[in-house]
Amino acid sequence: MTDPGIAGLVDEFTVARHIKLGKGNGLAEQCIRTDALYIGYYTGAETLSFLDGAPTRWEALRKQIEAEEPDTAPGSLTAAINQMRTVIDDDGRTLWFTFCGTYLYWTFIDPSEATTPWSGDAGGRRRTIGWRRADLRGRDLHTANITTRISQVQAYQRTIREYADVQDGDGFNPVSYLRHLIRGDRQPSVVQALAAEKSLKAHCLSLIRTLTHKEFENFVDLIMVSDGWLRRTEVGGTMKDVDGEYIHATTGLIAKVQVKSSTSSGAIIESGLLDASSEGVLLYWIFHTASEDICASLRQKWGAPEERSGIPWFFPDKATGGGASPFLVLGGEQLAELALRKGLSHWLVQKAC
């Protein structure tokens with residue numbers, strides 16, 4: 001169960017910072033293992049003693065470093081102090097993340113403990129609430145599944161890169177993206193795309209049902225050919241109980257296809273298509289409209305189908321009036337899905353114009 005305190009932090013953060021833990025992120029594994037966040041620069045014991053928890057002394061620290069290291073470029077010193085401050089002044093409400101191996105790790109600083117010296121060098125250490133490489137639903141945050149708009153920060157030259165809760169010119173909000181990522185929720189753009197896809201699929205089904213029978217046969221032929229099937233007969237030929245025969249370019253399998261604008265389970269069971277059954281042959285019954293649940297009716301006759309890519313594969317045997325070949329049933333819903341997958345929605349629109 002997710003700690004409600006951590007879930008609250010994830011819901012509320014408005015700033016996210018990527019950090020390289022040590023030179024080249026070389027201390028990442030140690031930090032992850034010890035619940036630590038490392039910051040280098042001038043954050044060792046001497047600096048921390050000088051600051052003594054007083055924010056007003058940052059300018060004094062700057063002047064001291066300038067006196068001790070007069071060759072330091074002013075811009076570099078400003079950047080270093082600003083990055084020190086993001087760690088030392090952090091109140092526990094900023095999301096910190098880093099990359100280690102092939103995963104994104106994230107955490108929040110524990111505000112109950114101040115910065116302490118890092119053992120072994122002049123760096124400093126903040127305790128964290130623990131580094132996590134999974135979202136709040138327990139799924140690993142693999143870099144392969146993270147947008148390059150975030151993962152490319154690994155090439156950033158400085159130690160800390162800050163992200164604000166604002167959209168860029170392309171409408172991308174990095175904080176919103178990271179929040180949804182860590183929650184384990186779908187990104188808003190994905191939700192919107194799925195809703196648009198569902199709507200387009202419904203419109204494709206309506207368009208399919210307006211096709212003439214000849215146009216419908218041509219539509220089915222486009223689907224078969226796009227799957228690597230080579231036509232062996234004319235579309236809508238005169239063979240008994242078969243509207244088309246195909247051979248697969250790679251496997252050499254044979255497909256025998258029956259195309260019906262509307263159909264019923266009785267028509268399927270009583271058809272002669274099963275008589276074409278033999279080893280190495282797939283039988284397709286393709287339609288867009290039915291007055292009943294075709295698969296439910298066939299299940300009573302032939303048993304439960306296997307689902308492969310959303311298409312029911314029945315395996316009727318001769319004892320139940322079937323044959324040796326797999327019998328694939330493609331109805332309107334499957335055809336609308338295939339129209340989207342294969343880029344045939346525009347073809348359907350053009351036919352309806």
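Residues Asn82 and Thr78 are in side-chain contact: their nearest non-hydrogen atoms beyond the backbone lie under 4.5 Å apart. Between Val257 and Trp229 there is no side-chain heavy-atom pair separated by less than 4.5 Å. When side chains are defined from C-beta on, Leu282 does not count as touching His248, because their heavy atoms never get closer than 4.5 Å. When side chains are defined from C-beta on, Trp96 counts as touching Ile160, because their heavy atoms get closer than 4.5 Å. By the 4.5 Å heavy-atom criterion applied to side chains, Asn145 and Leu141 are not counted as neighbours. At least one side-chain heavy atom of His203 sits under 4.5 Å from a side-chain heavy atom of Ser199. The side-chain heavy atoms of Gln187 and Thr147, taken from C-beta on, include no pair separated by under 4.5 Å. At least one side-chain heavy atom of Leu194 sits under 4.5 Å from a side-chain heavy atom of Glu197.
Checking side-chain atoms of Thr233 against main-chain N and O of Glu245 turns up a donor-acceptor pair under 3.5 Å. Under the 3.5 Å distance criterion, the side-chain polar atoms of Glu215 are matched with a main-chain donor or acceptor of Thr212.
A donor and an acceptor atom, one from each side chain of Ser325 and Ser277, are located under 3.5 Å apart.
A salt bridge does not link Lys260 with Asp243: every distance from a Lys NZ or Arg NE/NH1/NH2 to an Asp or Glu carboxylate oxygen is 4.0 Å or more. Under the 4.0 Å criterion applied to side-chain N and carboxylate O atoms, Asp140 and Arg133 are assigned as salt-bridge partners. Between Arg231 and Asp221, at least one side-chain N (NZ, or NE/NH1/NH2) sits under 4.0 Å from a carboxylate O, which counts as a salt bridge. Asp185 and Arg137 are joined by a salt bridge, as a carboxylate oxygen and a charged side-chain nitrogen come within less than 4.0 angstrom of each other.
Residues meeting the side chain to side chain contact (heavy atoms under 4.5 Å, CB included) test with Thr128, sequence neighbours left out: Asp35, Leu37, Thr107, Trp131. Here Arg33 pairs with nothing under the salt bridge (Lys or Arg N to Asp or Glu O under 4.0 Å) rule; sequence neighbours left out. By the salt bridge (Lys or Arg N to Asp or Glu O under 4.0 Å) test, Glu66 pairs with Arg62, sequence neighbours left out. Lys198 is linked by a salt bridge (Lys or Arg N to Asp or Glu O under 4.0 Å) to nothing, counting only residues two or more places apart in sequence or in another chain.
Cluster annotation: Val15 is not connected to Val153 through the hydrophobic network of ILVMFWY side chains, with a link wherever side-chain heavy atoms come within less than 4.5 Å. Residues Val166 and Phe97 do not share a hydrophobic cluster, clusters being chains of Ile/Leu/Val/Met/Phe/Trp/Tyr side chains in contact below 4.5 Å. Leu205 and Leu348 end up in different hydrophobic clusters when Ile, Leu, Val, Met, Phe, Trp and Tyr side chains are linked at under 4.5 Å. Under the 4.5 Å side-chain heavy-atom criterion for grouping Ile, Leu, Val, Met, Phe, Trp and Tyr, Leu230 is connected to Val281 within one hydrophobic cluster. Phe172 and Leu95 fall within the same hydrophobic cluster, defined by Ile, Leu, Val, Met, Phe, Trp and Tyr side-chain heavy atoms under 4.5 Å apart, directly or through other members.
Relative to the ring axis of Tyr163, Arg161 places its NZ or CZ within 45° and under 6.0 Å from the centre.
If you run side chain to side chain contact (heavy atoms under 4.5 Å, CB included) between Phe327 and each of Tyr284, Trp313, Trp302, Phe315, only Trp302 comes through.
Around atom CD of Glu292, more than 12 heavy atoms belonging to other residues, nucleotides or ligands sit under 6.0 Å away. Annotation for Gln154: atom CD counts as buried by contact number, over 12 foreign heavy atoms lying within 6.0 Å.
From Ile109, atom CD1 reaches atom CG of Asp90 across 4.0 Å, with rounding to the nearest 0.5 Å. Taken from NZ in Lys20 to CD in Gln157, the straight-line distance is 5.5 Å, to the nearest 0.5 Å.
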May I have the list of side-chain donor-acceptor pairs in residues 268-276 shorter than 3.5 Å, sequence neighbours left out?
residue, atom, partner, partner atom, Å
Ser271, OG, Ile268, O, 2.9
Ser271, OG, Leu273, N, 3.3

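You'll find the ring centres of His288 and Phe216 inside the 6.0 Å limit.
Screening residues 334-353 for side-chain hydrogen bond (donor to acceptor under 3.5 Å, both in side chains) gives Lys201-Glu337, Ser226-Lys342, Asp227-Lys342, Glu337-Arg341 as the qualifying pairs, with residues at least two apart or on separate chains.
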